[in-house]
Q: 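Attaching a single structure in structure tokens format; questions to follow.
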Amino acid sequence: MSQHDNADSNAAPNTGANQPLDINGVRIEATFAEAFDMKATRVIITALDEIWAEHAAMAMSGFGTSVIDCKLEIDIERRLSPTQTPDGRPGIALLAFGMSGGELEKQITRRAGQCVLTCPTTALFAGINEDVPRDKRIALGKTLRFFGDGNQISKVIDGKRFWRIPVMDGEFICQHDAPRTSGIGGGNFLLVARDIHAASRAARAAIGAIESMPDVITPFPGGVARSGSKIGSKYKSLIASTNDAFCPTLRGITDSQLGEGDNAVLEVVLDGLSFDAIADAMRAGIQAACTSCAEHGLVSITAGNYGGKLGRHHFHLHEILS
Amino acid sequence: MTRWHLRRRARAADDAAPHSIDASNIRRSSLAGKPVAEIHELAIGVDGQTVRLADWFELTIEESETDQVVVEGPLQNVHGLAAMHDRDEFQIIGHVGDHAACGMTGGTVWIQGDAGDFVAAPHGARRSGMSGGVIKIDGSVGNYAGHRMRRGTLLIRGSTGTMLGASMVAGTICVGGETGEGLAVGMKRGSLILANASAMVRHADQLEDIAKGRFSSPTRFDPAFFNLYSDRQFREITQPLERLPVFRTRADRTVGGLGEVIFASTAELALGE
């Protein structure tokens, strides 16, 4: 159990957790975001220039918002200068999270094949330098090499295996595999605002503060989800459905947590390689939103949890911001 | 970890008729865990006779961060040094004889001088040559360097004799100087990287039509994978390829032609002089 495990957090919140807290007049609710364990990896895409690298990264991270249906949560972590990449070219680091090692590998391999192998001038590398057992490594070139139809060339350089796969613009260089590590998915906070303009402005301020931070991604479009979900549904085939407690249009007919005048809510969902990475990003995002949007209609910040039943990682807003 | 320092004892008789020493028993795995007295008794071959290592080499042992074998002295007629080397470093200070680092499987062999024939070739009657690790040679090498090489990297700062990369199966050989005749004969896979291709082109031009067919027509090539090498010696040797047009030819087509020879086009080559 990690030091952040908090199985009985509802029963015994930390001292001070229920004290009123506001930032710049924005109320911070005494609640917590509930996150769960995931499997994660980082890959680096490089290319002749930033434009091709961006195309490949956007394609690879497309349809990678939620494991609920995408089976993978993946997004750009940060842009890399030529001095930060294995082959000295401009690059982009992506973080990817899956519910199991097998699913993570399946999705990464397919996306690498369809989105990076296909993109002109690109190369693909592991972005984590951990010495992990073979069964905890995700196949990259190990699988993609077969596209070379026997003409692929292997090179072991400084103990790492790379594949050179002939393609029509030259060679696609791809590292053999990438280490898999443990990650945390489902960190979140909700921006409750007077209207969508205020919520949108606050969300953009929050994402602006988070996007340059290492070891964390916000995989939804623009980093933000409007369709926050609860577990389960009246329809048996659905494992998740709309978070009615935070839907302004359902206020009055469901058990709403919104007050009068709370007319728009947006959610920032975060996946990270560590508890601290997510906590730091939540702190930066919330502070940026509160600092820049309190006077423009941001009312409160809250978080999504499932009573502690879903995940063992609990991010208490008051603790993070204290 | 241990550092074994072996210095070859000088013998006046060597000047007239140098002794041929088979030192293939001097390898990390043979030295590791043995007390000094036992190492002194290690068998080496001199002119076909089995003798004690201590009769020909002076041994010093000290603590080290990694296992390291260092051999120095007059070594031109010492053969098989670093044979089957498996991990960490084997350093040879001075010019060394034939079969250096033959059959090595891992680690680094650094030869601060020239090496004779059959560097990185198979050891004894084995089928495969070097199968892992890195060999760095500050000087030149003789014939059959990289013969039947299967994996690993061979960096040669100077020039090579004949039959470089002959029957090579895989791996990378990088040469800074000129190369001799018979380059890439029977090469199945692997990479030859030549910073100076004048001799190769000259020899290829002299071949009969059938033999010429061993090589495909050179095509322009972007050796992007060079950027993955951080090794200083590799970067230094391949420097000419960073500023000149680079070409690649596939070899040896008589055995499938999946090997590659990567070389820079100098003004001399471009003008056909």
Side-chain angles (χ1 to χ4, degrees), chain A residues 44-49 52-53 56 80-91 116-117 119-127 129 131 140-141 144-146 148-178, chain B residues 66 87-88 104-108 130-136 149-155 168-174 187-193 216 219-235 238 242 245-248 250-251 253 256-262:
Chain A
I44 293 173
I45 297 170
T46 68
L48 185 66
D49 54 37
W52 286 124
L80 302 172
S81 69
T83 57
Q84 296 173 303
T85 61
D87 63 356
R89 303 191 301 169
V116 188
L117 169 64
C119 183
T121 78
T122 58
L124 182 65
F125 304 101
N129 290 314
D131 195 13
L140 300 175
L144 299 182
R145 64 178 152 148
F146 296 111
D149 201 22
N151 295 297
Q152 65 272 21
I153 294 173
S154 161
K155 283 279 165 265
V156 178
I157 301 170
D158 295 336
K160 297 173 188 165
R161 181 178 296 282
F162 300 90
W163 288 96
R164 297 165 48 203
I165 301 165
V167 283
M168 294 194 298
D169 72 350
E171 289 184 327
F172 171 56
I173 295 172
C174 186
Q175 196 159 343
H176 184 69
D177 54 19
Chain B
T66 57
R87 65 174 168 87
D88 296 334
M104 79 176 270
T105 59
T108 303
M130 172 185 191
S131 63
V134 180
I135 302 173
K136 300 178 182 183
M149 182 170 163
R150 191 168 188 81
R151 221 173 278 131
T153 306
L154 171 56
L155 304 175
M168 191 173 170
V169 180
T172 306
I173 301 177
C174 192
M187 180 184 186
K188 296 184 181 71
R189 279 183 174 270
S191 306
L192 293 179
I193 302 167
S216 65
T219 53
R220 281 296 293 269
F221 181 68
D222 173 19
F225 74 99
F226 283 10
N227 294 328
L228 301 174
Y229 287 88
S230 57
D231 185 272
R232 187 173 56 86
Q233 188 157 339
F234 180 91
R235 307 293 300 192
T238 58
E242 289 175 13
V246 175
F247 289 82
R248 178 168 82 152
R250 308 304 297 267
R253 295 202 301 178
L258 290 176
E260 61 178 355
V261 184
I262 299 170

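Note that these values count all heavy atoms, side chains included, but never hydrogens, waters or copies made by symmetry. All figures in this text were calculated on a predicted structure; none of them were measured in a lab.
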Q: With rounding to the nearest 0.5 Å, note down the distance linking CG in Asp169(A) to CH2 in Trp52(A).
A: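 Going from the CG atom of Asp169(A) to the CH2 atom of Trp52(A) covers 9.0 Å.
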
Q: For each of Ser191(B), Gly152(B), Ala170(B), Gly132(B), tally heavy-atom pairs with chain A at distances under 4.5 Å, and name the one with the top tally.
A: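 Highest number of heavy-atom pairs under 4.5 Å: Ser191(B).
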
Q: Heavy-atom pairs under 4.5 Å with chain B - which of Ile157(A), Asp158(A), Ile153(A) has more of them than the others?
A: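 Highest number of pairs under 4.5 Å: Ile157(A).
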
Q: Return the minimal non-hydrogen interatomic distance between Thr153(B) and Met130(B), and the atom names on each side.
A: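 Thr153(B) and Met130(B) have their closest heavy atoms at O-CE, 3.4 Å.
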
Q: Tell me, side chain or backbone of Gln175(A) under 4.5 Å from chain B's heavy atoms, or both, or neither?
A: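 For Gln175(A), neither part sits under 4.5 Å from chain B.
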
Q: Kindly compute the distance separating CG (Leu258(B)) from CZ (Arg250(B)), expressed to the nearest 0.5 Å.
A: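 So the CG of Leu258(B) and the CZ of Arg250(B) are separated by 6.0 Å.
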
Q: Sub-4.5 Å heavy-atom contacts with chain B: which residues of residues 119-127 of chain A show up?
A: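 Contacts with chain B: Phe125(A).
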
Q: Is it the side chain or the backbone of Arg189(B) that comes within 4.5 Å of chain A heavy atoms, both, or neither?
A: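 Side chain only.
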
Q: Are any of the side-chain heavy atoms of Val134(B) and Phe234(B) separated by less than 4.5 Å?
A: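 No - every pair of side-chain heavy atoms lies 4.5 Å or more apart.
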
Q: Looking at residues at least two apart in the chain, or sitting in another chain, which of them share a side chain to side chain contact (heavy atoms under 4.5 Å, CB included) with Asn227(B)?
A: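 Here the qualifying residues are Asp87(A), Arg235(B).
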
Q: Are there over 12 heavy-atom neighbours, none belonging to Arg220(B), within less than 6.0 Å of that residue's CZ?
A: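 Check passes, neighbour count above 12.
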
Q: If you compare all heavy atoms of Ala178(A) against all heavy atoms of Leu140(A), which two are closest, and at what distance to 0.1 Å?
A: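 Closest approach of Ala178(A) to Leu140(A): CB-CD1, 3.9 Å.
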
Q: Could you pull out the closest heavy-atom pair between Ile135(B) and Met104(B), with the gap in Å?
A: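 Shortest heavy-atom contact: CG1-SD, 3.3 Å.
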
